[in-house]
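Working notes, structure below.
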Amino acid sequence: MRTDICDRLGIEFPIFAFSHCRDVVAAVSRAGGFGVLGALAFGPEQLEIELDWIDEHVDGKPYGVDLVIPAKFVTSGEGDRDLGIKKIQEMISDEHWAFVEQLLSEHEVPPLPPDADNTPVAAGLEAGERFPRQVELVLRHENVKMLVNALGPMPAYAADAAHEKGVDVGALVGSVRHAELNMANGVDVLIAQGTEAGGHCGEISTMVLVPDVVDAAGDRAAVLAAGGIGDGRQVAAALALGAQGAWTGSIWLTVAEAQTTPVVVENLLAATSRDTVRSRAMTGKPARQLRTDWTEAWESPESPGYLPMPLQGILFADASRRITRVQNKELSGSPVGQIVGRMNKVRPAKDVIFDLVEESIEASERLSEYMGAAGE
């Protein structure tokens with residue numbers, strides 16, 4: 001079960017695992033896959049702590065880091081200078097704040113205590129200063145072998161810096177046009193992510209998107225398949241479509257090592273494949289997530305309408321802290337793909353990796369038997 005990208009990155013299995021949890025990243029890489037840390041929520045200081053911890057627990061195995069560097073957001077001033085946090089928050093109307101407060105009040109979610117950390121966190125916030133610092137910090141770590149941008153083309157400064165360190169550059173793409181833009185910016189690995197995927201995603205299904213991106217890439221970039229991959233049969237299908245590996249994300253939300261809050265885990269385990277929605281309610285850009293009273297409220301006639309990134313994300317982050325603190329079931333959600341319907345128990349990450357490998361081999365052998373029978 002080895003492809004060219006396994007030799008390129010020094011991994012045993014072409015299975016990539018995106019997670020915001022450092023424990024999951026380390027466990028997957030130790031098991032022979034390639035863990036990728038989602039760094040959206042970490043400022044530079046906290047990111048340094050997370051990466052140091054992974055370095056200590058990954059047994060020298062390689063891993064990657066995924067940043068969210070959006071191409072378009074509304075918080076840049078003149079010369080790409082970041083506006084101050086206070087000015088950004090002032091861009092959110094009183095109507096929007098009141099709508100959120102009413103929704104939380106209806107669900108009996110109280111305000112945070114005065115001493116609670118309420119620092120705004122959202123994709124696109126402080127982009128001009130935050131992301132260059134994150135890139136520089138990430139590339140100091142020798143075990144990092146891939147730097148990924150999850151939203152938009154990888155900035156040239158980041159791609160150039162990664163290549164100088166011998167680090168591959170990856171980017172999530174939802175169309176052939178996105179793939180071409182990223183290859184023009186020096187991207188080495190294209191993650192072709194279908195609409196089934198959790199988080200920010202486009203409208204094209206994985207089955208259609210992957211072969212289109214594979215054909216467009218040719219020998220200019222490796223392609224990984226993402227979206228709707230949760231068991232080995234789907235890994236085998238990704239390889240059959242021409243991808244060199246499978247990029248997974250949602251399935252790691254419910255592994256034993258994940259730090260997903262208990263009420264969210266409960267909601268994920270109970271969900272079916274029909275219980276997700278592609279909505280702007282979380283970040284301001286379309287992202288697939290668990291359907292909750294939060295997503296439903298933003299689609300209601302009473303909604304003041306979504307705000308652009310990062311303003312919607314600031315609203316959500318503020319509310320999410322309060323929701324998490326009281327573990328409100330009806331409002332507690334998460335970015336997650338349609339594969340959530342198969343996420344029905346908590347298992348160690350190592351077991352998930354080994355099951356993906358074994359099931360993929362079984363599926364490939366079964367296909368070979370079909371082909372052999374057809375030739376008789």
Side-chain angles (χ1 to χ4, degrees), residues 16 18-20 36-43 47 64-76 80 82 88 120-135 138 146-159 161-162 168-204 206 209 213 221 223-227 247-250 278-289 306-317 334-337:
F16 295 72
F18 169 89
S19 175
H20 293 288
V36 182
L37 180 69
L40 170 62
F42 305 130
L47 180 57
V65 177
D66 184 303
L67 305 176
V68 178
I69 310 177
K72 297 179 181 179
F73 48 93
V74 299
T75 56
S76 288
D80 291 329
D82 288 325
I88 294 168
V121 176
L125 194 60
E126 298 180 311
E129 298 177 7
R130 180 188 183 105
F131 297 130
R133 290 177 61 197
Q134 285 183 320
V135 170
V138 166
M146 189 186 301
L147 178 68
V148 182
N149 184 19
L151 196 61
M154 178 70 77
Y157 73 81
D168 276 350
V169 175
L172 275 73
V173 299
S175 69
V176 169
R177 183 177 67 86
H178 292 158
E180 293 288 356
L181 287 171
N182 275 286
M183 286 189 289
N185 282 13
V187 166
D188 307 291
V189 181
L190 298 169
I191 300 106
Q193 178 175 263
T195 193
E196 301 96 320
H200 295 113
C201 61
E203 299 177 297
I204 305 172
T206 304
L209 178 65
V213 173
V223 178
L224 304 177
W247 177 279
T248 59
S250 297
R278 186 170 174 266
S279 169
R280 298 177 183 268
M282 190 172 287
T283 70
K285 290 184 181 292
R288 188 168 298 283
Q289 56 204 274
Y306 304 114
L307 292 172
M309 179 178 281
L311 306 183
Q312 185 74 25
I314 292 173
L315 282 174
F316 173 75
S334 169
V336 70

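In this structure, Ser250 and Gly337 approach most closely via the heavy-atom pair OG-N, 2.8 Å. In terms of heavy atoms, Leu209 sits closest to Ala192 at CD2-C, 3.7 Å. Across all their heavy atoms, Phe316 and Met282 have their closest contact at CB-O, 3.4 Å. Looking at every heavy atom in both residues, Leu47 comes nearest to Val138 through CD2-CG2, 3.9 Å. Between Thr206 and Gly227 the shortest heavy-atom distance is OG1-O, 2.9 Å. When all heavy atoms of Ala39 and Leu67 are compared, the pair lying nearest together is CB-CD2, 3.7 Å.
Asn182 has its side chain out of reach of Val169: every pair of non-hydrogen atoms, C-beta onward, lies at least 4.5 Å apart. Between Phe131 and Pro155, the closest side-chain pair of non-hydrogen atoms is not below 4.5 Å.
Within the 3.5 Å criterion, the main-chain N or O of Gly202 finds a donor-acceptor partner in the side chain of Arg278. Not a single donor-acceptor pair under 3.5 Å links the side chain of Gln193 to the backbone N or O of Trp247. Under a 3.5 Å cut-off, the side chain of Thr195 and the backbone N or O of Ile204 do not form any donor-acceptor pair.
A search for ring pair (Phe, Tyr, Trp, His ring centres under 6.0 Å) contacts involving His20 returns Phe18, not counting sequence neighbours.
Expressed to the nearest 0.5 Å, how far CE of Met154 lies from CG of Leu147 amounts to 4.0 Å. Note: His178 NE2 to Leu172 CG = 11.0 Å, rounded to the nearest 0.5 Å. For the atom pair CD1 of Ile191 and CE of Met146, the computed distance is 6.0 Å after rounding to the nearest 0.5 Å. Between the CE atom in Met309 and the CD1 atom in Ile314 there is a gap of 11.0 Å [rounded to 0.5 Å].
The only option from His200, Gln312, Gln289 that meets the side-chain contact (heavy atoms from CB on, under 4.5 Å) definition with Thr283 turns out to be His200.
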